[in-house]
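Comments concern the structure below.
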Protein chains: 2
Amino acid sequence: MALTIKVNEETFTPRQQAVLTAALDLLVENGDGLTMTAVARRASCSKETLYKWFGDRDGLLTATVQWQAAKVRMPVVDRSHLNAKALRLSIEQFARDLLTVITGEVSITLNRTAVTHAAQEKDSLGIIVLENGPLAIRRRLKPILEAGRDARLLRFDSSEDAYRTFFGLVVRDVQIRLLLGDKALTQTNVVANIEADVKAATDQFFALYGAKANNP
Amino acid sequence: MALTIKVNEETFTPRQQAVLTAALDLLVENGDGLTMTAVARRASCSKETLYKWFGDRDGLLTATVQWQAAKVRMPVVDRSHLNAKALRLSIEQFARDLLTVITGEVSITLNRTAVTHAAQEKDSLGIIVLENGPLAIRRRLKPILEAGRDARLLRFDSSEDAYRTFFGLVVRDVQIRLLLGDKALTQTNVVANIEADVKAATDQFFALYGAKANNP
DNA sequence: AACGAACCGTACCGTACGGTACGCCTGCGG
DNA sequence: CCGCAGGCGTACCGTACGGTACGGTTCGTT
């Protein structure tokens with residue numbers, strides 16, 4: 001159970017999804033408040049049903065994170081005719097999606113849950129969150145970057161390095177500060193600046209990896 | 001108790017420091033294993049003493065994190081005669097310090113503990129970790145950056161933005177992946193690449209903010 | 001020597017929570 | 001109409017852990 005990571009969407013009945021929704025709500029409202037009793041009460045079901053469906057508490061947690069993380073599907077960017085303007089818009093869109101997801105309350109909750117989980121020799125949740133968060137973006141961004149390089153619009157040796165630089169330029173210290181509960185970073189504040197941050201990060205990315213850049 | 005954040009180094013007796021060391025060891029070994037009984041046994045002291053010294057479990061946790069985080073004192077960089085080479089060495093040193101700290105087992109543990117804590121309406125640990133981690137670097141880096149600007153070696157409008165870009169270029173996705181327990185990032189692997197990453201990040205930082213850079 | 005403070009070890013209490021058992025209701029196939 | 005499977009609600013059990021109490025020991029002070 002702990003070792004089987006079902007990457008594909010598990011097929012949950014509507015009733016089960018209602019239970020998962022209740023569990024997620026409890027997680028968001030009160031991070032550690034995910035007790036089986038609380039979920040049962042919130043979802044109006046019996047604890048016995050929870051155990052029948054999800055095995056144990058960890059199974060319920062995993063199902064919740066898995067199910068919710070998989071819902072974070074960012075819009076696919078058009079990849080045809082890669083002129084400079086289209087490429088820039090694509091990059092900006094990725095930056096915007098990444099920042100929007102990361103600053104969302106659900107994402108913060110899932111990441112906190114996974115980090116907490118990772119602090120106890122359990123890493124399955126961390127893998128799930130990674131797989132559906134940064135790595136999902138990476139999988140979709142890399143082909144765009146490489147297409148940009150093929151079109152002589154970008155210049156880099158390793159698309160992995162380019163991706164990680166992009167991640168750093170966009171995320172900066174926002175995620176860790178949100179995870180640590182930095183009050184100075186109210187989400188409204190961050191959200192209000194997303195557009196400016198997106199533009200700045202994209203500018204910097206092109207300054208480093210644009211074809212005309214003077215990087216080694 | 002919960003509201004008083006003692007920024008200055010609390011003066012702990014050697015015996016108390018031994019207790020805090022035991023607590024930290026337990027945290028590192030087994031993230032959630034910080035039970036009062038375990039600490040008392042490890043430190044060969046009585047639980048009653050723990051409660052007398054630290055008030056309650058949260059007090060012990062706070063004292064441990066506070067005490068340990070404050071120990072992360074990165075070497076001060078020479079700020080005199082800022083020629084281009086000295087500035088670059090300083091920046092590199094900051095990058096190296098930041099990466100070294102972040103990838104350390106103690107830092108990972110403290111950050112995980114603080115994130116877990118933040119998931120429960122408690123934010124004091126997060127503040128402590130932030131204050132002694134990223135913000136400590138920021139406090140010491142900003143003057144250097146501004147001195148570099150005064151010396152016409154760097155060009156930027158906001159030193160805050162410059163710092164955050166520096167943070168992103170150096171940290172990238174390393175910290176969040178370590179916090180989530182990404183096995184693909186064994187620490188030895190990261191540590192082995194620190195020097196290369198330091199150089200790359202510094203190159204990129206100067207490409208963006210160096211006086212000869214073509215940034216707006 | 002006598003006293004008391006600090007502290008260790010351990011036993012103890014109350015509670016919270018994971019997990020299980022059981023009685024009851026509802027809906028559906030024969 | 002009967003039986004039964006699925007599921008709800010609740011009661012229950014065992015354990016782990018935070019927090020307290022207490023007897024015994026060491027050590028410094030007078």
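Within every chain, numbering begins at 1; the chains are lettered A, B, ... in the order of the sequence lines, protein sequences first and strands thereafter.
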Using the closest heavy atom to pick a nucleotide of DNA chain C for each, name whichever of B:Lys47 or B:Ala43 lands nearer the 5' end.
-> B:Ala43

Name all residues meeting the ring pair (Phe, Tyr, Trp, His ring centres under 6.0 Å) criterion together with A:Phe166; count only those two or more places apart in sequence or in a different chain, and write none if there are none.
-> A:Phe205

Contact span of DNA chain D against chain A, any nucleotide atom under 4.0 Å from a heavy atom, 5' to 3', runs D:dG7 to D:dG9

Got a sec, which residues hit side-chain contact (heavy atoms from CB on, under 4.5 Å) with B:Ala114, two or more places apart in sequence or on another chain?
-> A:Leu180, B:Leu125, B:Val129

Go through the structure and list residues passing side-chain contact (heavy atoms from CB on, under 4.5 Å) with B:Val190, not counting sequence neighbours.
-> B:Thr103, B:Val174, B:Leu185

Sequence-distant partners of B:Arg42, side-chain contact (heavy atoms from CB on, under 4.5 Å), two or more places apart = B:Ala22, B:Asp25, B:Leu26, B:Glu29

Here the distance between atom P of C:dG23 and atom CD of A:Glu48, to the nearest Å, is 12 Å

Tell me, please, which residues at least two apart from B:Gln68 pass side chain to side chain donor-acceptor pair (under 3.5 Å).
-> none

Position toward the 5' end of DNA chain C (nearest nucleotide), A:Ser46 or A:Leu34 | A:Leu34

Looking for any heavy atom pair under 4.0 Å, which part of the strands does B:Arg15 touch: base, sugar-phosphate only, or nothing?
-> sugar-phosphate

State whether the side chain of B:Arg88 and the backbone N or O of B:Thr202 hold a donor-acceptor pair below 3.5 Å, judged by distance alone.
-> no

